[in-house]
Each structure stands twice: as structure tokens, then as C-alpha cells.
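Below you'll find the structure, written out as C-alpha cells, and then a few comments.
Lettering follows sequence order; numbering is per chain, from 1. Hydrogens, waters and symmetry mates play no part in the numbers below; they use all other heavy atoms, side chains included.
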2 protein chains.
Amino acid sequence: MKRNTWQREAVREALDATEGFISAQALHSTLHASGSPIGLATVYRALGDLATSGEADSLQSPDGESLYRACTTTGHHHHLICRNCGLTVEIAADEVESWAKRVAARNGFTQAAHVVDVFGLCENCTRLAAGE
Amino acid sequence: MKRNTWQREAVREALDATEGFISAQALHSTLHASGSPIGLATVYRALGDLATSGEADSLQSPDGESLYRACTTTGHHHHLICRNCGLTVEIAADEVESWAKRVAARNGFTQAAHVVDVFGLCENCTRLAAGE
DNA sequence: ACGCTTATTGATAATGATTGTCAAAACCAG
DNA sequence: CTGGTTTTGACAATCATTATCAATAAGCGT
């Protein structure tokens, strides 16, 4: 059975309160900083569970860390991420969903999961970069 | 200055000879198996260089490893990767290209790069998994 | 061909994120 | 409250990758 513990709540809340993606380590630090004695391993477990149950998104940063983010929408979706400031926009992509399925099927693949993320410079950072 | 060493050549060749993506560790093992005394650190360095110079593609596997692959096509393309045996199919995706551009533009993003990879089980591994 | 300067190598230590372990504590149904 | 399990958390273990640094070897000028 799945139990409700304050730890899991704490992780969920901390994640909700976070803008953009955050690493498990960083989230653990944040929690500690606000006085929670939660253990690191527990944060990993909680994040893993949230990701599995679809309540959180996860992706790999270019340097190999796993980053997590609270899902605002319930469905499956992808991200548009500013590589400079970390701003994240959730994007629905039915178009891509069906494409991925089609391509997988055409090649005999099953259980297709996909990683579709767009990195770029957001409007703001574009301006900054231009003026620099 | 950039020097030419047999080690770098060896890595390039081993990568060329490999179907699909391979991890640095695996490539090192392969090289060792074929009698090369090349060091692990050197394989990492060589792969990093190849990736930087655009002679190789790199991506992160879902479990955090960095995978490398010699570029066969010069153009931009994506991958369909078997998560069990590593079989890789290169897929062109004009559809996705234009989608990514459109989405980025609509949100004010510039310099959009994207990561679009589909992981699944290839025909073969699907059969194996089913019979298991 | 020779030596010299300096990039490169490679064995190993260090790092850093993540996962495994397992006894103690917490949860929830009855 | 009590019993049966799940969950926690401190810490060890793992695993990929990076840093260290003395020894080696590339490629230049001669």
C-alpha cells in the first residue's frame, strides 16, 4: 500500500514552489535550508515516485544530472527551455506524439518513450545577448 | 597545437566501426578487447573532442550515461534507439524540425536547438521480452 | 636525423550523483 | 492501542566521469 508521509508532501510542495527545473540535490538543500530534516535518499525516492506517477517531469541536464519539475498540466507534454536563464515553457505536442508513435511502429519498435525538448534563448536573453 | 596520435585514430575508427550509440566505457572495453592498451581517460578525452568538433554525436541515455556515435549523415537528424540492445535507426524528421522552429518562434525563443530521440524496444527485443 | 618544447597519455585518485542496505520509526487498519 | 508493513534516513557502495601529474612522444626548427 502507498502511504502518506509528511516527507512526500514536503517534496511535492518544495517542487511546486520551484520555478523551472531543479536537481534532487538542490531540492534537498532547499528543504534542509528551510528547516526540514528530510534525508537525501528520501528526496530521491520521492522525486522518483512523482516522476513515475506523472506528477513531475524529469529530464537530464547536459552535464548528466537529473532535473525535476512539478507538472502543471496533467497530460504528457514537452518543454521549451531557455538555456541561459532556465525559463521553461510547457508545450503540448500532439503532432509530435503521433509522429513518434508512427516512426516507432514503422520500425518495429514497441514501448516507445521519447525525449523531445527544445533548448533556445528566450526573448529576454536574446535581447541581452544581442546588446552584449 | 593539435597533435595526431594513434590513440585518437583508434577511437575514431572504433567509433566508425560501431553500429549505433556506444558509451565511453563500452568503447574502451572494445578497444582493449582488440588488443589496444589505450587508457580510459584518453577515450573520454578523444570522444569529447570528436563531439566538440562535430565529428560525433552525443546524447544522454535515460540512465545518465553519455553515449557517442560517429556521424554518418552530415545533415541534422534524430534517433530511434532500442533501450535493450542499443540498435539505432536514424530518422529524418522534417515534420519535427518545422514544429520545433514554430513552437520556439511562437514563444519568442531564438537559436532553438532540440533534442528529439525516441527510445523503445526493437522488434527483436520485444519478442525476447515477451517470451521471458 | 637530433634535440627541444610542449601537448598528450595513462594509472590512479578524486569527485559527485545516485542507489542499496537495514535497523529504527511511522503509518494505518482493525 | 496493536500488529503488520511500509517508509525513512544515515551511511556505505557503485558507477561514470574528471582531475592529477609524471612520463612519453609529436612535430617543429635545425
### Task
Go through the steps to decide whether A/E55 and A/R8 satisfy the test salt bridge (Lys or Arg N to Asp or Glu O under 4.0 Å), and finish with yes or no.
CA-CA 12 Å; A/E55 295 182 74; A/R8 247 192 272 272; over 6 Å; no
Start at the 5' end of DNA chain C and walk down; is the nucleotide closest to A/Q7 or to B/L40 reached first?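 Going by which nucleotide is closer to the 5' end, it is B/L40.
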A/S23 vs A/W6, nearer the 5' end of DNA chain C by closest nucleotide
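Looking at the nearest nucleotide for each, A/S23 comes out on the 5' side.
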Checklist entry - Is there a path from B/V43 to B/L67 through hydrophobic residues (I, L, V, M, F, W, Y) whose side chains come within less than 4.5 Å of each other? => result no
Below the 4.0 Å mark, does [N] have OP1 or OP2 next to a side-chain nitrogen or oxygen of [X]?
{"X": "A/T5", "N": "D/dT8", "answer": "yes"}
{"X": "A/T42", "N": "D/dT8", "answer": "no"}
{"X": "A/R3", "N": "D/dT5", "answer": "no"}

Without decimals, in angstroms, what is the distance between [X] [atom1] and [N] [atom2]?
{"X": "A/N4", "N": "C/dA25", "atom1": "CG", "atom2": "P", "result": "22 Å"}
{"X": "A/L50", "N": "D/dT7", "atom1": "CG", "atom2": "P", "result": "13 Å"}
{"X": "B/L27", "N": "D/dA16", "atom1": "CG", "atom2": "C1'", "result": "15 Å"}
{"X": "A/H28", "N": "D/dG9", "atom1": "NE2", "atom2": "P", "result": "9 Å"}
{"X": "A/L47", "N": "C/dT18", "atom1": "CG", "atom2": "P", "result": "10 Å"}
{"X": "A/Y44", "N": "C/dG20", "atom1": "OH", "atom2": "P", "result": "13 Å"}
{"X": "B/R8", "N": "D/dG27", "atom1": "CZ", "atom2": "P", "result": "10 Å"}
{"X": "A/E9", "N": "D/dT8", "atom1": "CD", "atom2": "P", "result": "12 Å"}

Practice item. Please check if the side chain of A/H28 supplies one atom and the backbone of A/I38 the other of a donor-acceptor pair under 3.5 Å. Key: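 Indeed, once roles are kept as given, a pair shorter than 3.5 Å links the two residues.
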TODO: Check whether any side-chain heavy atom of A/T42 sits under 4.5 Å from a side-chain heavy atom of A/V11, and report yes or no.
DONE: no
| task | Scan B/R45 against the nucleic acid and name what it touches under 4.0 Å (heavy atoms): base, sugar-phosphate only, or nothing. | result | base
When you check the side-chain N and O atoms of A/S23 and A/Q25, is any donor under 3.5 Å from an acceptor?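 Side chains of A/S23 and A/Q25: no pair found under 3.5 Å.
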For the side chain of B/A41, starting at C-beta, report the closest nucleotide among C/dT12, D/dT17, C/dT8.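 It is C/dT12.
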